[in-house]
2 protein chains.
Amino acid sequence: MSETAETAAFAYRPLYAQVRENLVRRLIDGAWQPGQLIPSEIDLAKELGVSQGTIRKALDAMTAENLLIRRQGRGTFVSEPEESRILFQFYRLVPDSGARSFPNSRILKRLRETANEVERRELKIAAGGDVIRLERVRTIDEKPMIVETISLSLKRFAGFEDLETVPNNVYRLYSERWGITIGRAGERLKAIAASKADARELGCPQGTPLLEINRVAYDLEGHPVELRLSRCLTDVVHYSSDLR
Amino acid sequence: MSETAETAAFAYRPLYAQVRENLVRRLIDGAWQPGQLIPSEIDLAKELGVSQGTIRKALDAMTAENLLIRRQGRGTFVSEPEESRILFQFYRLVPDSGARSFPNSRILKRLRETANEVERRELKIAAGGDVIRLERVRTIDEKPMIVETISLSLKRFAGFEDLETVPNNVYRLYSERWGITIGRAGERLKAIAASKADARELGCPQGTPLLEINRVAYDLEGHPVELRLSRCLTDVVHYSSDLR
DNA sequence: CAGTGGTCTAGACCACGCC
DNA sequence: GCGTGGTCTAGACCACTGG
């Protein structure tokens, strides 16, 4: 561990940051699987030759990033994408009533296409590269609420075409089938008018104001993985955002 | 400090949490003013009779909440509401180009009214209580982009009626004039159609899709302070949200 | 150079979960 | 009772700032 600090005199990096990088690498490489109990602080400290306090600082940082979950008396676990906390981490549309419910999905289309300009730019796909384009409608209490298009690089998600079904929780699918964990996402929101096609799927008049959510999701290494364009009816739900 | 821990056997609270509470109180009471250099870790440790590490943990927590700014070699300072970091903390509308610019404001109305039902509920105002209602248009590069209504409890903001002018940055005004610091805010977003009045102010056709932002802002004690309803044209700007 | 916050260590004790 | 993470302490050294 410490050799790195000594040889890297050009750019000083704290020990705990190096430890964190080492441990995140284990998640990326799949050495530590979602749900798994990882070694105790003391064992990790012995293994890496640093103090327990330094290990703790790295683990605390990863916990703050939702990569790990610590349970006093039990141990430290790798976060699972199906946990409700993670489930809602990337899903900010909530009913006005406040009760958080998760939508169901119905797939409209699943196509393999050549990546368009936006997809090439956002997903860093080379010219001529292919994408999987997934169109689906999401319903809350049977009522269509969201129509969305999901784009994935076929290079990154080899074999997506051959899947029999696409589950509701695709982030869990990414994790289980391709070992890709979504670490963070950025969303850009606008208000738009419903197109003819959107209106048909959502059962609303053409031109109805919709909330457009343009999401790019990134893996643990910070590479863009998924592009998602959602159009949402917001008559009985809203997008919730906390500023602090 | 420690007496609290001993007498409060019913509900254990870590020392650093008690220290944090003690220090936040100094901000609320105005003993520590925005921009001020606060005592060093060592001095605080001596004063409160705890170790430097415990002080550090409290200060780090407050730094994470944007209440303090720590500068290695210089000291720890109280955050100022006019700093650009804080300025953009509560302002998530950015030009599609990415260059972050701050809008100007033009006041349309400033009224004293009896609080309506929504204001009473969100701002915890008793029946019959009064509010200041502020209507303004915000422009980016001279172009009207946002029309918004700000509601404040008159009880909390005594003398607001008598102000000669209302500045663009009202959070700084709250801080300087009434010693109220906004600590966090919650926003609920919807897509709506422009009303006749909104359309006139924004120079767009009636029915144009607008992004509606419903914000409740809270002070350091967690009490609601400001209610704000914004309607935004999102043709050249978008609302930016980071999920992690 | 002195003083500040930032890192790292070592060790003690506490609260919690499980057997 | 034992092992886990959580808290608290004390002290050393490093990196940065300003006079």
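Note that this is a predicted model, so its numbers are computed, not measured. Numbered from 1 within each chain, the chains take letters A, B, ... in sequence-line order.
Minimum heavy-atom separation, B:Ala31 to B:Gln36: O-OE1, 3.8 Å.
Listed in residue order, the members of residues 58-66 of chain A having a heavy atom less than 4.0 Å from DNA chain D come to none.
Residues B:Arg25 and B:Glu221 are in side-chain contact: their nearest non-hydrogen atoms beyond the backbone lie under 4.5 Å apart.
Atom CD1 in A:Ile69 sits about 14 Å away from atom P in D:dG5, given to the nearest Å. The interatomic distance linking A:Leu68 (CG) with D:dG5 (C1') rounds to 13 Å, in whole Å. Rounded to an integer number of Å, the gap from A:Lys46 NZ to D:dG3 P is 11 Å. Note: CG (B:Leu44) to P (C:dT4) measures 11 Å, nearest angstrom.
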* Asked: Going through the checks in order, is the side chain to side chain contact (heavy atoms under 4.5 Å, CB included) test met by A:Glu226 and A:Ile150?
  -> CA-CA 7 Å; A:Glu226 180 207 71; A:Ile150 297 176; 3.7 Å; yes
* Asked: Would B:Val236 and B:Met145 satisfy side chain to side chain contact (heavy atoms under 4.5 Å, CB included), going step by step from the backbone distance to the final call?
  -> CA-CA 9 Å; B:Val236 297; B:Met145 279 299 181; 3.1 Å; yes
* Begin from the C-alpha positions of A:Arg20 and A:Glu65 and carry the test salt bridge (Lys or Arg N to Asp or Glu O under 4.0 Å) through to its verdict. => CA-CA 11 Å; A:Arg20 179 191 164 281; A:Glu65 296 172 85; 2.9 Å; yes
* To do: Go through the steps to decide whether B:Arg13 and B:Glu21 satisfy the test salt bridge (Lys or Arg N to Asp or Glu O under 4.0 Å), and finish with yes or no.
  => CA-CA 11 Å; B:Arg13 292 202 61 222; B:Glu21 204 163 279; 2.9 Å; yes
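Of the inter-residue distances, the one linking A:Tyr91 atom OH with A:Phe88 atom CZ reads 8.0 Å to the nearest 0.5 angstrom. If you take CG on B:Leu44 and CZ on B:Arg26, they are separated by 6.5 Å, rounding to the nearest 0.5 Å. The distance from atom CG of A:Leu152 to atom CZ of A:Arg228, rounded to the nearest 0.5 Å, is 9.0 Å. To the nearest 0.5 angstrom, B:Phe77 atom CZ is 4.5 Å from B:Leu37 atom CG.
In terms of phosphate contacts, B:Thr76 brings no side-chain nitrogen or oxygen within less than 4.0 Å of OP1 or OP2 of C:dT4.
Figure legend: B:Arg56 and B:Tyr16 shown without cation-pi pairing, the cationic atom not lying both under 6.0 angstrom from the six-membered ring centre and within 45 degrees of its axis.
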* Sugar-phosphate atoms are those with a prime plus P, OP1 and OP2; base atoms are the rest. Using that split, label each nucleotide of nucleotides 7-19 of chain C B, S or - for protein heavy atoms under 4.0 Å, 5' to 3'. => BSBS----BBSS-
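In the helix from C:dC1-D:dG18 to C:dC18-D:dG1, the terminal helix axes, each the rotation mapping four pairs' C1' atoms onto the next four within five end pairs, subtend 10°, rounded to 10°.
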